[in-house]
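A quick note: this is a predicted structure, and the numbers were derived from the prediction, not measured.
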Amino acid sequence: MSYLTLSKVSKSFGGHEVIKGVDLRVEQGEFTVFVGPSGCGKSTLLRMIAGLETITGGDVCIDGARVNDVDPSARGIAMVFQSYALYPHMTVAQNMGFALKYAGHSKAEIATRVGMAAQILGLDSLLARLPGQLSGGQRQRVAIGRTIVRDPKVFLFDEPLSNLDAELRVQMRIELARLHKRLGATVIYVTHDQVEAMTLADKIVVLRDGKIEQIGSPLDLYDRPVNMFVAGFLGSPKMNFLPAIVERGGLRLVDFPEVVLPLGVAQDLGARVSVGLRPELFGPSGEIELALTVDLTEYLGDETYVYVRLGGDQILTISTGNDRSVRAGDIFRPRFDPAAAHVFDADGLRLGTRPIASRLP
């Protein structure tokens, strides 16, 4: 196990800066996930750690040693790509042991390491097969096994599950979590899927436009997002944002002028803010009630989502749990506790709130 640090790391392509002074520490044995929308720089940052992209500025260090100019093969890292990249004419065992053979290891040592990795990944009975005889999930396990045999300091994963169907993605998430627990390895994992990030990570790094927006545990980021971007990115369905105006009695919702949330914030009277409400916040009880006309419902078996159009393209999403009684066109009156709401200023930064004992109209 090793730790890794990034200090003021930047990357430019010509005059375009895509990674903008990133500082980060990944602890020994930690499962760190880079997450963010397409084009945010997460894969580029991973490739810089691997040595597959040159660094324009800053330092990448593994166990305190600067590796900016160290060849990728000498960094002690192993990378699993989105593509399995298996040699079609080689067996599973040969694919897994190829890097060791190329490095000059003995046949006995290669067989021992491949056998151990195959046992960990449940590939014992498949070692004689060719990649064309394997399922997608099995091929991905072979690709992971190819990194395990090298006993690297740091494992790097670049969207390894994106080529799998939904059922296999869930299965492989479970297997990756078990693998990390068993190996105790230091892992950096890139994905655009916030569900993967929330379920796998010890620590999530949220990226946008080449910068880190927030770092923290999955629940820290979910419960205490620093801004609207993080709040909206983590969570499925995403958080609702309702415009509001600061008044003496609290926050008056623009789309529901009769509703004033008894919350105080450090903003001038008349200031515009946004109130963040997660879909699961709503229920049959709570101090605040909204009167809504249902536009659409989705029945997902154990979960039902109600969608309400507020004007323009703005949609309010509400989870009703297993309540399937709501229909399109119904007048729906969900309630919520305002203390569970998030409030963001005009720049999208999360504000601290305080309860107001009595509301004034």
Determine whether a donor-acceptor pair (N or O, by modelled atom type, separation under 3.5 Å) exists between the side chain of Asp59 and the backbone of Ser7. no

With rounding to the nearest 0.5 Å, note down the distance linking CG in Leu127 to OG in Ser125. 8.0 Å

Donor-acceptor pair, side chain of Gln138 and main chain of Gln133, under 3.5 angstrom: no

Any luck finding a side-chain donor-acceptor pair between Glu303 and Ser319 under 3.5 Å? yes

Checking Arg139 against Tyr84: charged group under 6.0 Å from the ring centre and within 45 degrees of the axis? no

For side-chain contact (heavy atoms from CB on, under 4.5 Å), just list the numbers for Gln194 and Tyr222, CA-CA rounded to whole Å, side-chain angles, deciding distance to a tenth of an Å, and then say yes or no. CA-CA 11 Å; Gln194 54 89 22; Tyr222 191 83; over 6 Å; no

Any sub-3.5 Å donor-acceptor pair from Arg75's side-chain atoms to Val70's backbone N or O? yes

Just by modelled atom types, is the Met90 backbone N or O under 3.5 Å from a matching donor or acceptor in the Asn95 side chain? yes

Taking Glu213 as the fixed residue, which of Arg208, Lys20, Arg350 is the one that meets the salt bridge (charged side-chain N to carboxylate O under 4.0 Å, His left out) rule? Arg208

Between His192 and Phe233, what is the shortest heavy-atom contact and its length? O-CZ, 3.8 Å

So does Thr32 get a backbone contact from the side chain of Asp202, meaning a donor-acceptor N/O pair under 3.5 Å? no

Please determine whether the number of non-hydrogen atoms from other residues, nucleotides or ligands lying under 6.0 Å from atom CZ of Arg327 exceeds 12. yes

How close do Leu351 and Phe344 get, heavy atom to heavy atom, and via which atoms? CD1-C, 4.0 Å

Under the 3.5 angstrom rule, does the side chain of Arg113 hit a backbone N or O of Val149 as a donor-acceptor pair? yes

Between Ser2 and Thr186, the two heavy atoms sitting closest are O-OG1, 2.6 Å

Residues Tyr3, Thr5; criterion side chain to side chain donor-acceptor pair (under 3.5 Å); working and verdict: CA-CA 7 Å; Tyr3 70 92; Thr5 57; over 6 Å; no

Hey, what's the ring geometry for Phe31 with His180, parallel, tilted or perpendicular (30° and 60° as the breaks)? perpendicular

Just wondering, are more than 12 heavy atoms of other shown residues or ligands nearer than 6.0 Å to OH in Tyr102? no

Main-chain N/O of Arg224 paired to Gln214 side chain as donor or acceptor, under 3.5 Å: yes

Transitive ILVMFWY side-chain link Leu290 to Val294, under 4.5 Å: yes

What is the distance from atom CG of Leu156 to atom CZ of Phe34, rounded to the nearest 0.5 Å? 8.5 Å

Could you point out which residue of Val142, Ile148, Leu126 forms a side-chain contact (heavy atoms from CB on, under 4.5 Å) with Leu121? Ile148

With no hydrogens and no angle check, just 3.5 Å: does a side-chain donor-acceptor pair link Asp345 and Gln267? no

Any chance you could measure Ile315, atom CD1, to Asp295, atom CG, to the nearest 0.5 Å? 6.0 Å

Parallel, tilted or perpendicular: which one describes the rings of Tyr87 and His89, with boundaries at 30° and 60°? perpendicular

Main chain of Val60, side chain of Asn68: is a donor-acceptor contact present, judged purely on distance under 3.5 Å? yes

Without swapping roles, check the side chain of Lys101 against the backbone of Ile110 for a donor-acceptor pair under 3.5 Å. no

Measure from the side-chain N and O atoms of Asp165 to the backbone N and O of Leu168, and report whether any donor-acceptor pair falls under 3.5 Å. yes

Could you please spell out the steps behind the side-chain contact (heavy atoms from CB on, under 4.5 Å) verdict for Ile55 and Ile19? CA-CA 10 Å; Ile55 297 170; Ile19 301 295; over 6 Å; no

Atom OG1 in Thr320, atom CZ in Phe282: separation rounded to 0.5 Å? 12.0 Å

How close do Leu45 and Val22 get, heavy atom to heavy atom, and via which atoms? CD2-CG1, 4.2 Å

Please evaluate residues Arg129 and Leu134 with respect to the criterion side-chain contact (heavy atoms from CB on, under 4.5 Å), reporting the C-alpha separation (whole Å), side-chain torsions for both, the decisive distance (0.1 Å), and the verdict. CA-CA 8 Å; Arg129 293 191 186 182; Leu134 305 177; 4.0 Å; yes

Starting at CD of Gln140, measure out to CZ of Arg169 and round the result to the nearest 0.5 Å. 10.5 Å

Taking all heavy atoms of Arg335 and all of Glu287, pick out the closest pair and write down the distance. NH2-O, 3.4 Å

So which atom in Leu263 and which in Pro338 form the shortest heavy-atom distance, rounded to 0.1 Å? CD1-O, 3.5 Å

State whether the number of non-hydrogen atoms from other residues, nucleotides or ligands found under 6.0 Å of Asn322 atom CG is greater than 12. yes

Test item: side-chain donor near acceptor, Thr191 and Asp193, under 3.5 Å: no

Drop me the distance from Met79's CE to Phe155's CZ, to the nearest 0.5 angstrom. 13.5 Å

Can you list the steps and then say if Glu196 with Val33 is a side-chain contact (heavy atoms from CB on, under 4.5 Å)? CA-CA 9 Å; Glu196 284 182 19; Val33 176; over 6 Å; no

